[in-house]
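The next block holds one structure in the form of structure tokens; read it before the comments.
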Amino acid sequence: VTLRDELLPTVYEARAIAGDLGFRMHRVYLVTSVSSGTYVGDGVRDNTVTEITEDAGQPPRIRWLKDEELALGGGLPKGTVEIGPITPAFTGGGTDLSSLDGSNLETGNVRLLRIVGPTHPNGADYRVHALTSDRALRYMIQALPAGVQAL
Amino acid sequence: MSVAESMLQKFGGLVLPPSGDAETGGASLDPARDMLLEFFQAVINSELGDAWVVATAGLPGNHPVGKSATPVAWCYPDEPTQQVLTQAKVAFPILALHRSGAGTFGDYGLERDKLTQPWRLHYIVGPLDVCDQRKLKDFGVAAAKCIRLAIRQRRHKAYQNGALQFFSDTSALAGVELQSFEVGPAVFTGGDSGSPFWAAEMVLETVELSGWVEGSEESGLDGMDLVVGVGDEHEIAPALVLGSTDSET
């Protein structure tokens, strides 16, 4: 057992505190779509929705980048959102990397992130632009609007 | 729109009124694109399949390109932008086709229309290191040559048992021409510092013709008079040639 293994459950719980206190206003879901037809989008679209959570079902931090951050990020579009820290998977919790980087998908499957909260009361879909997985205790996602927003 | 109210015409692969397709939705309004993509996929997989198996035999099992058993692993009937590649799980090599640039309408004879349309065909072999490039990059050039030859023959045995394609009255496309191609490392549209992928981009041009749906009233034209004057820059003899398609006049 490494120090990382011992720390992961602790940071998992700590990252839920803000949610417990009611400060996490948005929730984020992984939406995996499988099309029944020949090409992507053909036929019946079957969605599987899985929420990304920290301990006790609390959501990770979700924030929209400020103008300065967008500029420093090489001209990222307005609406770019940062999700995380997300606790990596461990025995008893966390999020598996393969569900975030899409490596667990079949060819042709579509993966989006759906954010629901005050900014998007009925949910809006985002696509993963960048995934940071080089840190021992956290994953970070940068996501861009995918152009699908329920009114 | 009911059939009774429709013009009952067709233009390329579009037949009015389209009945819709539960499988493809709005994509069924452009069957020429899907037909072309399937044709090109069949040509590449058939002609280059054996060479692909040999070329990829030494690649590791988790290689992003070597996992495919065929030189076309995934087809996409649209432009392969970074936005697409970050939403959908793809498999390399990718074959993607889309209309690109302005389509030009023109007259074809007296009552028919013609659409001349440029297209882009992307054959994306995938991310390759220097060793993989030596083994696989030439598939882009070979794919372009195979497609050029298949278009000239207007058929390939691997597609619809070799049925003839690209004829004005039997196909969605009256003509197809592969005009040029370019091979090299490419970064997808909209990418910031994305990985370079070894790809071949081909420029095609197609011609689509309008016509009437079988059983419709077709043209309201009953006959035609042809009057031709003949001469040179000094003198013209008007109405030297007269012709009429209506025998009663």
Side-chain angles (χ1 to χ4, degrees), chain A residues 29-48 65 69-77 79-81 83 97-114 124-132 141-149, chain B residues 20-31 33-42 61-70 72-98 124 126 187-195:
Chain A
Y29 303 84
L30 277 167
V31 181
T32 301
S33 300
V34 181
S35 299
S36 63
T38 306
Y39 300 116
V40 171
D42 283 357
V44 178
R45 181 173 176 173
D46 183 25
N47 286 346
T48 304
L65 297 188
E69 293 172 300
L70 296 175
L72 290 172
L76 291 167
T80 301
V81 66
I83 302 164
L97 182 60
S98 66
S99 66
L100 301 179
D101 66 11
S103 59
N104 63 346
L105 299 177
E106 297 291 326
T107 299
N109 290 2
V110 171
R111 178 209 47 197
L112 293 168
L113 296 166
R114 181 165 299 159
D125 288 347
Y126 286 71
R127 61 186 173 91
V128 175
H129 174 66
L131 171 65
T132 305
I141 296 173
Q142 208 172 64
L144 306 179
V148 182
Q149 180 175 354
Chain B
D21 186 333
E23 170 80 3
T24 61
S28 64
L29 302 184
D30 193 4
R33 177 198 51 221
D34 292 357
M35 183 274 283
L36 265 185
L37 187 58
E38 290 170 14
F39 179 74
F40 295 150
Q41 179 191 17
N62 61 350
H63 193 284
V65 179
K67 284 189 287 190
S68 173
T70 55
V72 176
W74 192 66
C75 289
Y76 185 62
D78 208 336
E79 187 172 2
T81 61
Q82 192 197 36
Q83 186 168 18
V84 170
L85 296 172
T86 53
Q87 291 185 44
K89 176 75 175 275
V90 303
F92 294 103
I94 300 170
L95 190 66
L97 178 71
H98 61 99
I124 305 162
V187 176
F188 292 102
T189 307
D192 43 8
S193 59
S195 305

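Computed from a predicted model, the values in this text were never measured in an experiment.
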- Item | Contacting region of A/Thr32 [heavy-atom separation from chain B under 4.5 Å] | neither
Quick one: pull up [atom1] in [X] and [atom2] in [Y] and give me the separation to the nearest 0.5 Å.
X: A/Leu113; Y: B/Gln87; atom1: CG; atom2: CD; result: 10.5 Å
X: A/Tyr39; Y: B/Asp34; atom1: OH; atom2: CG; result: 5.0 Å
X: B/Lys89; Y: A/Arg111; atom1: NZ; atom2: CZ; result: 9.0 Å

- Go through A/Val40, A/Val44, A/Thr38, A/Thr107 and name the one with the most non-hydrogen pairs under 4.5 angstrom from chain B.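 Winner by heavy-atom pair count: A/Thr107.
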- Message: Give me the atom names and distance for the closest heavy-atom approach of A/Val128 to B/Thr86.
- Response: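 The pair with the smallest heavy-atom distance is O-CB, 3.5 Å.
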